[in-house]
Structures are given as C-alpha cells and as structure tokens.
Amino acid sequence: MTKNKNLIHNSFYNFKLRKRPSLFIGTYIIISAFLIQWILSGFITDASPLGFLTINYLEGLIFLITILTLLFSIIALFFGNRKYTRSISNKIWNRNSKKMMWLLFLLLTILYILLFYLLRIGEEIFIIPTFIIYYGLIISLLNFSRIASLYFFSIAIILIGFLPLFINQFGFYSLFLLGIAHYIFAFNYKEIT
C-alpha cells in the first residue's frame, strides 16, 4: 500500500458487500452455526463435558461466538473494501463512510438488544429467524449505492429468515443457507447500479 501515498478524498460509501468479504462472512456464519449447534447438542447430552455447563455459561459462550463472528465479519468487510478503495486511489475514510459505519454499529446494537430480549422472555425459537430477517434488512438499508444485486440478496436473506418459522427444527439449517447465500452472492456479484 506504500505506492498509494496521494490518495484522493471522495464522497463515496466505501463499505459495500463485495466478493471477497462475502466469502469470508459466509464462512464465519457457517462455522459459528456449526459451533453453536455442536455446543447445544453437547449441552443436552450427559456424556459430553459441555453438559456440565450452567445456563449462564452456555449463554455466555454462545454470545462470545456470535460477537467473534460479528467482529471477524466487520474486519473482513473493512479490509476487503480497503484493498479495493486503495486500488482505485481513494481514501477509505470519509464523511459518508464514517456515517455508514456508525449506522451499522447502531443497527447491530439494536439487533443484539432485540435478540437478548427474545432470550429473556423465553422465545428462543424466534431468535434465529429474527436475526436472519433483521440481517437482510440491514443489508438493504445500508445499500446507499443502490446496487441491484444487494437488494436481491437482501430479499433472499429475508426469505431464508422466514423458513424456520414454517418448518420445525430448521433454525440452524437456515443459518447454513445464509452462509451458502453469501457464497452464491460472491460468485454472482456484479457492481451494477
């Protein structure tokens, strides 16, 4: 990156879901879904050492996995866009990019509060559909560049989010579908507005 010392100030929204970050985010979602499913199945089995966890430790462990997935996804989004933005000699941080990142953090905080509320009132069955539907809405809301493929992707995610509501025991499979949808989006991505 040393060759791009004279980067241009721009007013673009520099954080977009592109090919490489989408691949990483899909991988992180699949891995975290697999880990959470493994932890929950081990928790209900007496032969597993995870069966000795208390509910508070179990919730804390799942919360840690989701926070790490979120953190790695944001890092993948940042570095993927940083590389692209610098390759066209633009600065990544501008007023619009900062506003977009603050809005993303606000929307993710609201998501975690909503999911925590569902957990506290005993509606665990709605946590995964709420996460997936809200995630699709976040992608649609943050599509300031009006990329058509991102709108179609967000609609597909919202439809995936409704699957666990109609099919019993389909929550974790819908998370795997969300990860696969990220792969499909990455391979079919075209930046056409």
Side-chain angles (χ1 to χ4, degrees), residues 8 10-33 66-67 69-88 90-115 118 126-167 170-193:
I8 301 168
N10 58 31
S11 62
F12 302 120
Y13 294 98
N14 292 323
F15 293 101
K16 300 174 190 168
L17 190 60
R18 292 188 166 88
K19 287 184 178 191
R20 183 175 290 166
S22 184
L23 288 173
F24 282 112
I25 292 170
T27 304
Y28 298 147
I29 289 172
I30 290 173
I31 290 171
S32 65
T66 59
I67 288 293
T69 303
L70 178 67
L71 179 68
F72 288 143
S73 298
I74 290 174
I75 289 171
L77 186 67
F78 172 75
F79 281 112
N81 284 290
R82 180 177 179 252
K83 182 177 180 179
Y84 172 77
T85 305
R86 290 218 172 162
S87 71
I88 58 173
N90 286 341
K91 287 192 174 189
I92 191 162
W93 289 112
N94 58 32
R95 183 179 213 165
N96 288 333
S97 295
K98 289 177 184 177
K99 281 194 296 190
M100 186 180 210
M101 287 306 284
W102 283 112
L103 181 60
L104 175 65
F105 286 128
L106 175 69
L107 291 172
L108 290 174
T109 303
I110 292 170
L111 173 64
Y112 266 91
I113 290 170
L114 182 63
L115 296 179
L118 287 173
F126 294 114
I127 290 176
I128 293 176
T130 303
F131 164 73
I132 296 173
I133 292 169
Y134 193 90
Y135 180 70
L137 291 174
I138 286 175
I139 289 176
S140 180
L141 286 173
L142 295 179
N143 188 9
F144 294 124
S145 299
R146 309 263 188 258
I147 299 171
S149 60
L150 274 176
Y151 283 126
F152 294 130
F153 180 58
S154 65
I155 291 169
I157 289 174
I158 292 170
L159 292 175
I160 290 171
F162 280 108
L163 288 176
L165 296 175
F166 298 113
I167 303 171
F170 199 73
F172 286 105
Y173 297 117
S174 62
L175 287 174
F176 289 119
L177 282 176
L178 177 61
I180 292 169
H182 269 283
Y183 290 146
I184 293 170
F185 172 76
F187 291 121
N188 293 322
Y189 176 78
K190 290 182 179 92
E191 194 164 326
I192 299 172
T193 56

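- Rounding to the nearest 0.5 angstrom, the gap separating the CD1 atom in Ile132 from the CG atom in Leu177 is 8.0 Å.
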Listed pairs under 3.5 Å, donor-acceptor, residues 22-32 side chains, sequence neighbours left out:
residue, atom, partner, partner atom, Å
Ser22, OG, His182, O, 2.8
Ser22, OG, His182, ND1, 3.1
Thr27, OG1, Leu23, O, 2.9
Thr27, OG1, Tyr183, OH, 2.7
Ser32, OG, Tyr28, O, 3.1
Ser32, OG, Ile29, O, 3.0

Could you list the donor-acceptor pairs under 3.5 angstrom formed between side-chain atoms of residues 150-160 and any protein atom two or more places apart in sequence or on another chain?
residue, atom, partner, partner atom, Å
Tyr151, OH, Arg146, NH1, 3.3
Ser154, OG, Leu150, O, 3.3
Ser154, OG, Tyr151, O, 2.8

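- Here the closest non-hydrogen pair linking Pro129 and Gly161 is CB-O, 3.3 Å.
- The side-chain heavy atoms of Ile74 and Leu108, taken from C-beta on, include a pair separated by under 4.5 Å.
- In terms of heavy atoms, Phe172 sits closest to Ala33 at CD2-O, 3.8 Å.
- If you take CG on Leu142 and CG on Leu104, they are separated by 5.5 Å, rounding to the nearest 0.5 Å.
- Considering CD1 of Ile128 and CD1 of Ile133, their distance stands at 12.0 Å, rounded to 0.5 Å.
- The two residues Tyr112 and Ile67 have their closest heavy-atom pair at OH-N, 3.5 Å.
- The structure places CE of Met100 at 10.5 Å from CG of Leu107, a figure rounded to the nearest 0.5 Å.
- Taking the six-membered ring where the residue is Trp, Tyr173 and Phe170 present tilted rings, their angle falling between 30° and 60°.
- Annotation: side chain of Tyr134 is not in contact with side chain of Leu115 (no heavy-atom distance under 4.5 Å).
- The closest side-chain heavy-atom distance from Leu111 to Tyr135 is not below 4.5 Å.
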